[in-house]
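Data first, discussion second: the structure below is written as structure tokens.
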Amino acid sequence: SQSKLDLYPRVKLVKFEGDTDIYYLTEIGLTRQVLNENVFYSYADRDQDVVVINKVEFSFYPQNIYIYNENVQVVNRSPNVYLVGEGTKKLVFPDELYRMGVRDEMIAPVNQIEFDAYQNVLLEAPKQKLWFNIF
């Protein structure tokens, strides 16, 4: 029951048996890989805070793939959101987030150190089609 679960402290770091990768577990139960030791320690995390789970249990957690920099304050609009994966981040426009059905709770705040740890992926300029008048 929820009342029994509330007796336990929140788990925010997990890894699965036999692997060295550590994953952050967001408040709504999404996982995001901790990129390196700098990121790990920037949140004042400790090795003893990591809970080992099995691969089957880990597979039930969806991935956290949308982030924003919690240190950037924007007046009169939401902060920029980035799609992350494999150590990179790519800016995602609000209309794309809406089209993909991304809800606010699916977008996690990250600190400056983690934000900077992701490499930027440049946006591709839309390709223009050339139309020729053949008449």
Side-chain angles (χ1 to χ4, degrees):
S1 70
Q2 188 62 47
S3 60
K4 284 211 175 204
L5 286 174
D6 290 342
L7 297 174
Y8 297 95
R10 177 177 169 254
V11 172
K12 68 175 195 167
L13 296 165
V14 297
K15 70 178 185 176
F16 50 90
E17 298 165 345
D19 197 357
T20 58
D21 291 337
I22 297 172
Y23 296 84
Y24 179 74
L25 186 61
T26 68
E27 291 181 17
I28 67 163
L30 303 175
T31 60
R32 182 179 66 253
Q33 186 176 1
V34 176
L35 296 178
N36 56 44
E37 279 188 355
N38 267 355
V39 171
F40 182 81
Y41 292 118
S42 73
Y43 289 104
D45 292 325
R46 303 171 306 159
D47 291 327
Q48 55 267 39
D49 296 332
V50 179
V51 175
V52 178
I53 60 177
N54 65 47
K55 288 183 180 184
V56 173
E57 184 179 359
F58 183 80
S59 70
F60 288 115
Y61 292 101
Q63 290 184 348
N64 169 221
I65 57 173
Y66 299 102
I67 65 165
Y68 70 91
N69 186 340
E70 68 183 3
N71 297 335
V72 175
Q73 301 297 319
V74 184
V75 178
N76 295 328
R77 72 173 177 84
S78 299
N80 288 338
V81 174
Y82 295 82
L83 173 67
V84 295
E86 299 182 18
T88 64
K89 68 179 180 270
K90 176 185 168 192
L91 181 64
V92 182
F93 294 103
D95 61 326
E96 292 177 278
L97 294 169
Y98 177 78
R99 237 185 357 264
M100 294 184 290
V102 177
R103 298 180 314 276
D104 286 345
E105 63 268 13
M106 297 166 66
I107 306 168
V110 298
N111 67 18
Q112 189 69 50
I113 292 172
E114 182 174 0
F115 186 80
D116 291 342
Y118 291 100
Q119 297 294 316
N120 285 317
V121 173
L122 298 176
L123 298 175
E124 294 180 18
K127 295 180 181 175
Q128 294 186 354
K129 294 181 181 177
L130 297 176
W131 296 95
F132 295 98
N133 187 350
I134 56 172
F135 295 105

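One is the number of the first residue; the rest follow in order along the sequence.
Within a 6.0 Å radius of CD in Q119, other residues, nucleotides and ligands contribute 12 heavy atoms or fewer. Other residues, nucleotides and ligands contribute only 12 or fewer heavy atoms inside 6.0 Å of the CD atom of Q63.
Following chains of ILVMFWY side-chain contacts shorter than 4.5 Å, one can reach V50 starting from L35, so the two form part of one hydrophobic cluster. One hydrophobic cluster holds both V11 and F58 under the rule that ILVMFWY side chains link at heavy-atom gaps under 4.5 Å. There is a path of hydrophobic side-chain contacts, each under 4.5 Å, that joins Y41 to Y118. Connection of F16 to V34 is not established within any shared hydrophobic cluster, with ILVMFWY side chains joined at heavy-atom distances below 4.5 Å, either directly or through further cluster members. I53 and I22 fall into different hydrophobic clusters, where Ile, Leu, Val, Met, Phe, Trp and Tyr are joined by side-chain heavy atoms under 4.5 Å apart, directly or via other members.
P62 approaches G29 most closely through the heavy-atom pair CD-O, 3.6 Å. Considering all non-hydrogen atoms of both residues, V39 and A117 come closest at CG2-CB, 3.8 Å. For the pair V56 and S59, the tightest heavy-atom approach, listed with the atom from each and the gap, is O-OG, 2.6 Å. Across all non-hydrogen atoms, the minimal contact from L30 to N64 is CB-CB, 3.6 Å. The heavy-atom pair separating E105 from R103 by the smallest distance is OE2-NE, 2.6 Å. Between M106 and G101, the closest heavy-atom pair is SD-O, 4.1 Å.
Between Y61 and Y23, the gap from one ring centroid to the other reaches at least 6.0 Å.
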* List the steps, then state whether side chain to side chain contact (heavy atoms under 4.5 Å, CB included) holds for L97 with Y66. => CA-CA 10 Å; L97 294 169; Y66 299 102; 4.0 Å; yes
* **side chain to side chain contact (heavy atoms under 4.5 Å, CB included) assessment of V14 paired with E57** => CA-CA 11 Å; V14 297; E57 184 179 359; over 6 Å; no
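D6 places no side-chain N or O within 3.5 Å of a backbone atom of Y8 that could act as its donor or acceptor partner.
Between Y24 and Y43, the two ring planes are parallel [angle under 30°; tilted spans 30° to 60°].
The one candidate from E114, Q112, K89 that meets the side-chain hydrogen bond (donor to acceptor under 3.5 Å, both in side chains) condition with N69 is Q112.
Side-chain contact check for T26 versus R32: some heavy-atom pair is nearer than 4.5 Å.
Counting only N and O atoms by type, the side chains of N111 and S42 include a donor and acceptor under 3.5 Å apart.
Comment: D19 does not engage K55 in a salt bridge, judged by the lack of any side-chain N to carboxylate O separation of less than 4.0 angstrom.
Hydrophobic side-chain contacts under 4.5 Å tie V74 into a cluster, directly or through other members, with V72.
Rounded to the nearest 0.5 angstrom, L13 CG and T31 OG1 are separated by 12.0 Å.
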